[in-house]
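To start, the structure under review is shown below, and the notes come after it.
Below, read A as the first sequence line, B as the second, and so on, with proteins coming before strands; counting in each chain starts at 1. Model, not experiment: these values are computed from the prediction.
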Amino acid sequence: MSTQLSSGALEAINDGQQIDKPVFQLLALKKLNPAASTNTTVDRYRIMLSDGVHNNTAMLAVQLNQMVADGQLEPNTVICLDRYVCNKLAGNRRVVIILELTVVAPGSQVGGKIGNPIALPLGGGGGSNGQQAPALQHTPQQPMRAGASPMGVAKANSFPGAGGSFNKQGNYGGAGPSTGMMSPPKQAQPISSLTPYQNRWTIKARVSNKSSVRTWSNSRGEGKLFSMDLCDQSGEIRATAFKEQCDKFYDLIEVGKVYFISRGTLKTANRQYTSITNDYEMTFNNDTTMVPCEEEDDSIPTMQFDFRTIGQLEDMNKDAILDVIGVVKSASDVTTITTKTTNRELTKRELHIIDDSSKVVTLTLWGNEAEKFDGTSNPVIAVKGARLSDFGGRSLSVLMSSTLMINPDIPRAHHLKGWYDTVGHTQDAQSISEQRMGAGAGANSNWLTLEEVYSQNLGQGEKPDYFTTKGTIIFMRKENSMYMACPSSECNKKVSDNGDGSYHCEKCGKDYPDFQYRLLLSANVADPTDTQWTTCFQETAETILGMKADELGRLKLEDEQAFNHVFEKASFESYVFRMRIKMESYNEEARLKCTCMSVKPIDVKEQSKKLIMDIRTLAAA
DNA sequence: CCCCCCCC
């Protein structure tokens with residue numbers, strides 16, 4: 001294989017020269033041991049690069065870790081550095097951090113080491129420019145942020161200007177009179193090189209997201225804060241400003257703008273709360289300064305994503321915060337919900353997004369973002385920092401701290417749109433969120449036979465289990481299938497007959513002149529493997545019996561034969577049942593209680609689809 | 001020093 005390496009490029013880069021898209025051979029890759037003091041969850045890789053003449057170590061930016069996981073960076077692989085930065089270390093030594101790369105030839109094809117490289121001599125190089133101008137950089141549209149910001153739509157562009165609050169040196173922050181120290185520094189170091197072990201540093205970063213000001217009060221005290229996401233070519237970091245710093249900086253920071261930032265406190269990040277790829281996060285302190293960068297610098301990206309495919313979400317933990325991108329296959333209307341604890345009214349909209357893993361997931365938008373969203377023409381949506389929940393299998397929710405972009409101008413978005421328009425829209429894609437439609441054939445609706453429900457010990461845990469099954473009603477208890485219930489809406493408690501034409505509700509503590517019938521039907525469901533008793537309340541029982549509760553109550557009183565006939569007619573009908581099963585105790589006796597949550601007639605087309613999928617899965621296994 | 005982010 002004749003692969004040309006960029007001979008001499010390592011030396012030139014180390015001398016501070018700018019080399020566009022050099023081609024190197026990767027000789028070795030090593031996962032670094034995390035520092036003992038950090039509970040890091042992000043792996044870092046050091047690699048040995050060769051240009052055929054010299055070899056030298058380099059670091060892989062963490063956003064490329066997936067390539068290691070995918071086995072794309074085996075030894076001997078020839079790679080092109082599409083984007084990199086070169087950092088100056090002590091002793092004039094420089095280290096290359098690779099930000100984007102393309103595999104030119106896989107290691108297995110190359111076979112062995114090219115040339116006979118020797119270690120690059122240390123201490124050479126007197127170049128003055130610590131940072132290479134990177135190759136072409138995408139500058140996507142500003143993020144749209146409708147929901148969280150008090151400013152409404154397009155938060156990125158709509159903050160009031162900095163209002164001239166920076167002083168005439170262009171400085172802000174820091175104590176005491178201005179000194180020459182505070183003019184915009186010539187040297188900025190990459191965000192990826194920040195650690196808690198140095199305190200004099202300056203970064204040049206774009207603010208990609210900014211929270212609103214929030215107050216807190218707990219046992220440890222109270223205060224206010226806001227946080228922001230910062231990024232440069234090398235990576236990203238989250239920064240938080242508390243109390244005084246919150247007041248000092250909040251109005252001055254505009255999303256989308258580039259700043260020189262120096263002297264914050266770095267601490268280990270808790271990755272549980274953010275999708276920002278960094279082991280550390282920054283807290284502003286008294287010495288922190290932020291200087292706006294006056295000239296626009298296109299080399300600094302507006303946002304860094306670390307997208308998961310929708311297929312990958314199935315293997316991730318609940319509550320993970322992640323970046324996702326997909327084509328909006330469909331969108332629900334806006335609906336209103338009331339929060340449990342605070343009784344606030346909230347609007348939401350559910351999107352079904354698909355990507356080229358051919359999986360669909362439900363993504364919930366809230367508030368303004370839900371209301372403003374336009375799903376016509378199947379836009380691409382990218383979310384930085386969405387939360388994964390396990391509702392209905394797997395689903396996603398946009399948070400206040402998330403950034404949402406519609407049709408972002410990034411390669412992955414263009415790729416997905418092209419994929420969707422050509423093949424994606426025809427795909428028989430499975431949702432990893434439960435479908436509220438059809439036969440509930442979502443991949444995670446936990447389809448089980450009744451024998452499996454038994455053998456898998458469903459309902460034995462602390463929380464109830466849910467399953468979906470196709471079965472036939474073989475018997476129903478006519479007796480006690482309905483009761484006289486409180487007529488007030490939402491009560492539904494059983495009332496007692498006072499014998500004087502009035503009825504007493506224990507729960508409401510009131511007498512009523514009438515009552516309403518409600519259904520509480522015990523049904524025995526059978527499938528080819530087993531049977532299961534289940535309790536069907538009002539709506540499910542009405543579906544099964546094909547009659548409203550009050551009508552059935554009337555029949556019971558007036559026409560026993562017709563009443564009996566309703567049950568005969570309803571027997572031996574088959575449905576798709578959604579069940580909730582849980583161990584409960586009655587009179588100190590534990591027994592499994594199975595409640596029917598929903599019952600749907602069998603949709604032959606949906607069922608067939610599911611069977612075809614099942615066969616495919618079996619065939620693939 | 002926050003870390004809540006809603007509903008089925």
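What separates CG of A/Leu225 from P of B/dC1 is a distance of 11 Å, to the nearest Å. The distance between atom OH of A/Tyr273 and atom P of B/dC3, rounded to the nearest whole Å, is 9 Å. As a whole-Å value, the separation of A/Arg394 CZ from B/dC8 P is 20 Å. Note: CZ (A/Arg580) to C1' (B/dC8) measures 14 Å, nearest angstrom. The separation between A/Met400 atom CE and B/dC2 atom P is 18 Å, rounded to whole Å. One atom, CE of A/Met597, and another, P of B/dC8, lie 11 Å apart when rounded to the nearest Å. In this structure, the CG atom of A/Leu396 is 17 Å from the P atom of B/dC7, given to the nearest Å. Taking atom CG of residue A/Asn343 and atom P of nucleotide B/dC4, one finds them 21 Å apart after rounding to whole Å.
Remark: A/Arg238 is not in phosphate contact with B/dC2, judged by side-chain N or O atoms under 4.0 Å from OP1 or OP2. Of the side-chain N and O atoms in A/Arg214, one or more sit less than 4.0 angstrom from OP1 or OP2 of B/dC3. Between A/Ser397 and the phosphate of B/dC6, there is a side-chain N or O to OP1/OP2 separation shorter than 4.0 Å.
You won't find any donor-acceptor pair under 3.5 Å spanning the side chain of A/Arg220 and the base of B/dC1, going by distance alone. With hydrogens and angles left out, the side chain of A/Glu281 and the base of B/dC2 share a donor-acceptor pair within 3.5 Å.
Applying the 5.5 angstrom centroid cut-off and the 30 degree plane-angle cut-off, the aromatic ring of A/Trp216 is not stacked upon the base of B/dC2.
Checked against B/dC3, B/dC5, B/dC8, the side chain of A/Arg387 finds its nearest nucleotide in B/dC5. For A/Trp366, taking side-chain heavy atoms from C-beta onward, the closest of the listed nucleotides B/dC8, B/dC6, B/dC1 is B/dC6. For A/Leu399, whose side chain is taken as the heavy atoms from C-beta onward, the closest listed nucleotide among B/dC5, B/dC8, B/dC1 is B/dC5.
Across all strands shown, A/Lys340 has heavy atoms under 4.0 Å from sugar-phosphate atoms exclusively, and none from any base.
Under the 4.5 Å side-chain criterion, counting only non-hydrogen atoms from C-beta, A/Lys267 is in contact with A/Thr283.
Among residues two or more places apart in sequence or in another chain, the side chain to side chain contact (heavy atoms under 4.5 Å, CB included) test is passed with A/Lys593 by A/Thr535, A/Glu584, A/Tyr586, A/Thr595. A search for side chain to side chain contact (heavy atoms under 4.5 Å, CB included) contacts involving A/Thr309 returns A/Gln312, A/Asp355, A/Ser357, A/Arg412, not counting sequence neighbours.
Side-chain contact of A/Thr339 with A/Thr342: a donor-acceptor pair under 3.5 Å is present, judged by distance alone.
Side-chain atoms of A/Arg349 come within 3.5 Å of backbone atoms of A/Ser332 as a donor-acceptor pair (strictly under, hydrogens ignored).
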